[in-house]
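What follows is a single structure, written as structure tokens, with notes after it.
Whatever order the structure lists ligands and atoms in, that order sets their numbers, starting from 1.
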Amino acid sequence: MITNTRREWPAFPLALLMIIGSGQALGQIPAAASRAPHLEKRTASTQLIVDGQPFLILGGELHNSSSSSVAYMKPIWPRLAAMHLNTVLAPVAWETIEPEEGRFDFGVVDGLIQRARQNNLRLVFLWFGSWKNTYSSYVPAWVKSNTQRFPRVQTSDGRDTERLSPFSLANRDADARAFAALMRHVKETDSDAHTVIMVQVENEVGVVPDSRDRSAAANAALAAPVPAELTSYLQQHRAALVPDFRAIWEANGSKTSGSWQEVFGQSALTDDLFMSWNYATYINHVAAAGKAEYPLPMYVNAALIRPNYQPGQYNSGGPLPHSMDIWRAGAPSIDLLSPDIYLDDFAEWCQKYIRPDNPLFIPEARGGAEGAANAFYALGQVSAIGFSPFGIDSEDTPPVASTPGLGNTESSRGAPIAYAYATLSHLAPLILEKQTTGEIASVVLEGDAQRAARVSLGDYTMTVTRSVNATADASAAAARTSALFLQTGPNEYIVAGSGSALITFAASTPGLPIVGIESIDEEFFDGGQWVLGRRLNGDENSQGQVLKLNSDDSAQGRIYRVRLYRYR
Ligand code: DGJ
């Protein structure tokens, strides 16, 4: 049994803990002759495998222009490492690597890889190629200035916009050549170390403010038959199609041939589906050219839809929930469709993107206390392969004096992402293990309107109730609360989280016996292992009635081990 001394977790010996999960830093891993980073189906979830081990991305995305300068980035790397990130999402712009056609300059790319390695960080490169937030602001000047050769999305009056048209093979092939050169270079310089673990292809594509490209090429494609690859996908996957999307197809007679408007109807939504197919197939060509050089996992990211927005008010043609099947059919070289979740209903958006063929990765989200809470939810409840707040270089860093750990009695709330990532990085081995067995769950309470939520895991149901009135307490930490549960035995859970909450436990089946709390122990990660803190069976848990999560648990590096028992 547990004694009040330093000890290892029985379920997770220290030796194993050092090898996998957060022992993912480059300084700690053996020189990797192993397979390139890849996705692998592992029982209950699909995981990212790096150097032969499952890897949980505790990431952060840089501001758009930070990574264009190695000098600018120099002081930022150590700060990111001190925030317990293990991965940085860094843009690589087409204009940076191919300033003149056919002449490639990988100086910045090499500088990013070198500095990331020196700081024990991995990289996800964001390919700012043809599109960045619908625009083409990162294409080289030789592309930007030659609109004859590299045609643009046009408005209905025939005017060019500052967006490359996805209907141009010249655009597509020039982008693909540059991306292939980038991936070739990454392979040459990094296929041993695996600093670069994944790549985003383009950024938040789509058309605004119109619902589609109105160029002559686009008009001709709209009137042409829907490609057979798509119509046969519809027939083969009919039962599994996204319900909203299937409803559109079926409402128009489930046709298996015809023009876009014949098959999907004459509406702005058809424009969106049509653009989705054309962005998807273009990006698939670019991604396939890159993968032919070096097959890292690749994903696209989506700007989400606000309520009641119409195609063109949102990015028409982006990888959105209603068009996921079109993207799957059109872009088989893209492994993940990933949501950038800045909207309030975080959990709902996660649920919209998680499908058997689409493990969840969240490349952009809000940071701060809200991001900290969302990270616990995403990694726990939907087994995300990673989480990454945007603008990580502006996130607060922890004060040096308040390192989380045993005996730290200072309450420090200054750097929620850093504290959450400290806890999550120490829990990463267990999280990764439990993602594969399904013995993991979490809840998030979003905004004051949501006072409580329930989740079942094993034989028990946990009710998580907000213990701070978010309206009265305007702090960001009060606005969002989350709790992560890892089942470590039939009657035992590790609990960690963000924000303040009261947690009660009940049997998942109604009636007797009653569930009681046998014990609650706090644990801290100290000196490379989990250390037992206090037993909290008094006022701290209302004499065994409830587990209290405190808003400074992450800052203190505190998690809880809860044991339950039953009585009549
Ligand atoms: C979403 C984009 O994908 C990012 O590159 C950045 O522009 C953010 N929006 C800014 O909030």
* Asked: Within 45° of the six-membered ring axis of Y135 and under 6.0 Å from that ring's centre, is NZ or CZ of R163 located there?
  -> yes
* Under 30°, 30 to 60°, or over 60°: which ring-plane class applies to H63 and F390, parallel, tilted or perpendicular? ->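 If you compare the ring of H63 with that of F390, the planes turn out perpendicular.
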* Validation row, ring centre W131 to ring centre Y138 under 6.0 Å ->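 They do not qualify: ring centres at least 6.0 Å apart.
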Could you check whether [X] pairs with [Y] (Lys NZ or Arg NE/NH1/NH2 to Asp/Glu carboxylate O, under 4.0 Å)?
X    : Y    : value
R122 : D190 : no
E446 : R480 : yes
R152 : D160 : no

Every pair of nitrogen or oxygen atoms between ligand 1 and the protein that is under 3.5 angstrom apart - can you list them with their distances to 0.1 Å?
residue, atom, partner, partner atom, Å
ligand 1, 3 (O), N133, OD1, 3.4
ligand 1, 3 (O), N203, ND2, 2.9
ligand 1, 3 (O), E204, OE2, 3.3
ligand 1, 3 (O), E364, OE1, 3.3
ligand 1, 3 (O), E364, OE2, 2.6
ligand 1, 5 (O), N64, ND2, 2.9
ligand 1, 5 (O), K132, NZ, 3.0
ligand 1, 7 (O), K132, NZ, 3.0
ligand 1, 7 (O), N133, ND2, 3.3

